[in-house]
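Let me begin by presenting the structure, written as structure tokens, before commenting on it.
Chain letters run A, B, ... following the sequence lines, proteins first, then strands; residues in each count from 1.
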Amino acid sequence: MMLLEGLNQKQQQAVSASLGRTLVLAGAGSGKTRVLVSRIAWLIHHHQLSPYGILAVTFTNKAAGEMKERLNALLKISVLGMWVGTFHGICHKLLRRHYKQAKLPEQFQILDSDDQARMIKRVLAALNLNTEQWPIKQVQHFINNKKDSGLRAHKVPTSAYGPTQTLIQIYQAYELSCQQAGVIDFAEILLKTYELLRDDPELQAHYQTRFQAILVDEFQDTNAIQYALIRLLTNSHTALMVVGDDDQSIYGWRGAKVENIQQFATDFAPVAIMHLEQNYRSTANILDAANALIGHNEDRVGEKKLWTAGDTGEKVTIYAAANELDEARFVAQRIKMQTLPLNEMAILYRSNAQSRVIEEALLRLHIPYRIHGGVRFFERAEIKDALAYLRLILRVSDNDAFERVVNVPPRGIGEKTQDEIRARAKAHACSLWQAAETLLDEQVLSRRAASALKQFLDLINDLQKRTLHNDLADQMHEIIQQSGLQQHFTKAKHDTALSKLDNLQELVNAAKQFQAEPRDEDLPLLTAFLAHASLEAGESQALVDEAHVHLMTLHAAKGLEFGVVFLVGMEEEVFPSKLSLEEPKRLAEERRLCYVGITRAMTKLFLSYAEVRRLYGKEHYHRPSRFLKELPDELTHHLKLAPKPFKFKSSAAPALQPDIGVAIGQKVRHVTFGLGIVLATEGYGAHARVQVSFEQAGAKWLVLAYANLTYIND
DNA sequence: AATCGGGGGCTTTTT
DNA sequence: GCCCCCGATT
């Protein structure tokens, strides 16, 4: 098998590295995934490792899926026995297998961040703390942050300040609630696995022996607990390869530690360090711009310099827009001018709020687009409601699920009754379900409340029996019907209710699809499906194959590539973000984010900034981003702001222009300037002028009467 | 139980 | 400027 074929020398070196420890510093677009996949194939074919002995960890489910796919194609043997997944996916698998040692109920469920917030809210209420003084988000951040650094509540150092004391109490109370409900949050998945392996030498030895080779992708994004996990799973015989790029570390704000890369070289010495710097994605101009930019950061580990054997390419275009509307219009018009399929173009921004103006401009020119990010399918409220019924059926003591659906849809179990159930559960140290049963037995509730509650308990019991032998999709269907969710949304007063109905139907389809797919899990179907829903929430249903441009944040763009990239909002306080300006460390991360953005582009890169930007209802005069100045002049091409930019009447309606026989967005040809597109018009009659953005010559104002333009209609 | 409106807030986000 | 959350109102 010619595994090294078609790889450059550095890539070959990495793929065929010895079985010791290897650190691969892989620049953007350097063929990192290919190296990882080939490496795994190499281990199997040249070192006779069994797929069972290989553990490959990625950062996202998408990356894991891609790796599995490519392995399947390359290896032509089943990859099912191999552990390929995210840290969370792999730890979850371990916890399921060893739930007893981990002191978890067999049917433990996973809390996503939304569930976690709800749980914290309940805990705060139980502790009589108001959410004004203790904002849920901050509490959540505190807890996750501590867990990510491996700290249990009692281990958190108390500072001299009172707030920490209270936060620790909340942390403790929250943890207790989770245990009682039999649920664990994302951070807990990692922390619990860490403790499990740490405190059980036998188990630890077992997995150290089993995993002869461990490969970790996106190593710069690992946090403290993930790093510690790698250490626990590794012994002196483990063939350990980590791949990362410190220049693309953009998740420091959520606990990722770039330092892990340096740390690795010392902790795991001796480490063979390799650099992948040949880029197969971008033109030389784009790479030079990226190199120059990132050169302004200090403390880089590899000091990599990307290079390409390919073309110099075009210069990077920098457009100075009058305002954010002008910027959006510029982007939309430039997209129209490209010959590339829409799919291969992306508009990247620092924050989601920036997408709006862009969307409006794209709509105006009838350019289909798709925004990446936003609420994902399994995170939708109605989906989670339906799944909560499933959870209750599986385990009635799931307090979190109980709270979620006891009165959804409304069935007359109001706040008062719920409070009584909670109080009883607390007094008897039992589950809400048991408490509800006792309250009914003792006949202490009002007749109305009692009958409503009884109906609910009966419903769940009934669903349990009724669905015992059904397949998953049937079961889902039954739940949606019997729970009243279907009926609840069928009233369809608003169209939002209708789409919720659609989503519930989609959930049945998702279940159908899930049970049809081959799985290597040793879990019951139902359990696996619930885990899939919280661990792999997935993008909202992918409408495949319709040609559209991509809109997303810079963060979301990591790992992707596009022929043409627009990077908008290149202004101080926007990008770099105002909130990162003070601290050098955070500023350096913003610069890396910019580096990520630039290196997404294959052939064309447009950077733009607005002289005036409306933000939070106020006009801001920001200076152009410092990142623009850090790009060498010889690589950039400035498009000058029009001398007198037209004004939009409103952002919603197309600008009203006096009719001079040419529309904005019209494609035109000029005898000397070539192809262009009309950006704006001014005046009328004999004095009418048009601003045309030419593909080659840039934007020019021309007197319509003399310009002799040819109108091009496709 | 649903709806309306006042008030605060406001990067980035995967699992 | 817009959205989300909460509380009060019907």
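Side-chain proximity of R350(A) to the nucleotides dG1(C), dT15(B), dT11(B) is greatest for dT11(B). The nucleotide whose nearest atom lies closest to any side-chain atom of Y251(A) is, among dA2(B), dT12(B), dT13(B), dT13(B). Comparing dT15(B), dT12(B), dA2(B) by their nearest atom to the side chain of T60(A) picks out dT15(B). The nucleotide whose nearest atom lies closest to any side-chain atom of L579(A) is, among dT14(B), dC6(C), dT11(B), dT11(B). Comparing dA1(B), dA2(B), dT15(B) against the side chain of N407(A) picks out dA1(B) as the nearest. Checking dT13(B), dT11(B), dT15(B) against every side-chain atom of S113(A), the shortest atom distance belongs to dT15(B). Side-chain proximity of F186(A) to the nucleotides dT15(B), dA1(B), dT11(B) is greatest for dT15(B). The side chain of Y616(A) sits closest to dG1(C) out of dG1(C), dT15(B), dA1(B). In this structure, of dT11(B), dG1(C), dA1(B), it is dG1(C) that holds the atom nearest to the side chain of R614(A). Among the nucleotides dG1(C), dT12(B), dT15(B), the one closest to any side-chain atom of W253(A) is dT12(B).
The residue S534(A) sits apart from the nucleic acid: no heavy atom pair falls under 4.0 Å. Using a 4.0 Å heavy-atom distance criterion, F87(A) is classed as making no nucleic acid contact. Looking at heavy-atom distances under 4.0 Å, T131(A) makes no contact with the nucleic acid at all. At the heavy-atom level, K137(A) lies nowhere under 4.0 Å from the strands shown. Note on Q116(A): nothing from the nucleic acid sits closer than 4.0 angstrom, heavy atoms only. Among the heavy atoms of the strands lying under 4.0 Å from T86(A) are primed sugar atoms or P, OP1, OP2 only; no base atom is included.
Aromatic ring pairs are classed by plane angle as parallel below 30°, tilted from 30° to 60° and perpendicular above 60°; the pair F211(A) and W83(A) is perpendicular. Relative orientation of the F529(A) and F378(A) rings is perpendicular, given thresholds of 30° and 60° on the angle between their planes. Using bins of under 30°, 30° to 60° and over 60° for the plane-to-plane angle, the ring pair Y207(A)/H98(A) lands in the perpendicular bin. Ring pair F606(A)/F566(A) is parallel by interplanar angle, where below 30° counts as parallel and above 60° as perpendicular. In this pair, F142(A) and Y171(A) present their aromatic rings perpendicular. The plane angle is above 60°, beyond the 30 to 60° band.
Comparing the same atom, P, in dC4(C) and in dT13(B) gives a spacing of 15 Å after rounding to whole Å. If you take atom P in dT12(B) and the same atom in dC5(C), they sit 15 Å apart, rounded to whole Å.
Contact between the side-chain N/O atoms of N352(A) and the OP1/OP2 oxygens of dC10(B) is not found at any separation under 4.0 Å. Side-chain N/O atoms of N144(A) include none lying less than 4.0 angstrom from OP1 or OP2 on dT15(B). Residue T553(A) places at least one side-chain N or O under 4.0 Å from the OP1 or OP2 atom of dT13(B). Under 4.0 angstrom from either OP1 or OP2 of dA1(B) there lies no side-chain N or O belonging to R411(A). Close to dT15(B), at under 4.0 Å from its OP1 or OP2, lies a side-chain N or O of N61(A). For the pair R356(A) and dC3(C), the criterion of a side-chain N or O lying under 4.0 Å from OP1 or OP2 is met.
The nearest whole Å value for the distance from the CD atom in Q140(A) to the P atom in dT14(B) is 15 Å. E619(A) places its CD atom 10 Å from the P atom of dG1(C), with the value rounded to the nearest Å. One can place NZ of K558(A) at 22 Å from P of dT11(B), the figure rounded to the nearest angstrom. A straight line from CZ of R613(A) to P of dT11(B) spans 14 Å, rounded to a whole angstrom. In this structure, I136(A) places its CD1 atom 6 Å from P of dC6(C), rounding to the nearest Å. Protein atom CD of Q138(A) is 13 Å distant from nucleotide atom C1' of dG8(B), rounded to whole Å. If you take CD of Q109(A) and P of dT15(B), they are 18 Å apart, rounded to a whole angstrom. Taking atom NE2 on H141(A) and atom C1' on dT12(B), their separation rounds to 12 Å, with Å as the unit.
No donor-acceptor pair under 3.5 Å is formed between the side chain of R231(A) and the backbone N or O of Y227(A).
Position along DNA chain B of the nearest nucleotide to I413(A) versus E590(A) favours I413(A) as the more 5'-ward residue.
Base orientation for dT12(B): anti, the chi torsion being more than 90° from 0.
Dense packing is recorded around NZ of K384(A), with more than 12 heavy atoms of other residues, nucleotides or ligands lying under 6.0 Å away.
The pair K558(A)-E218(A) meets the salt-bridge criterion, with a side-chain N (NZ, NE, NH1 or NH2) lying under 4.0 Å from an Asp/Glu carboxylate O.
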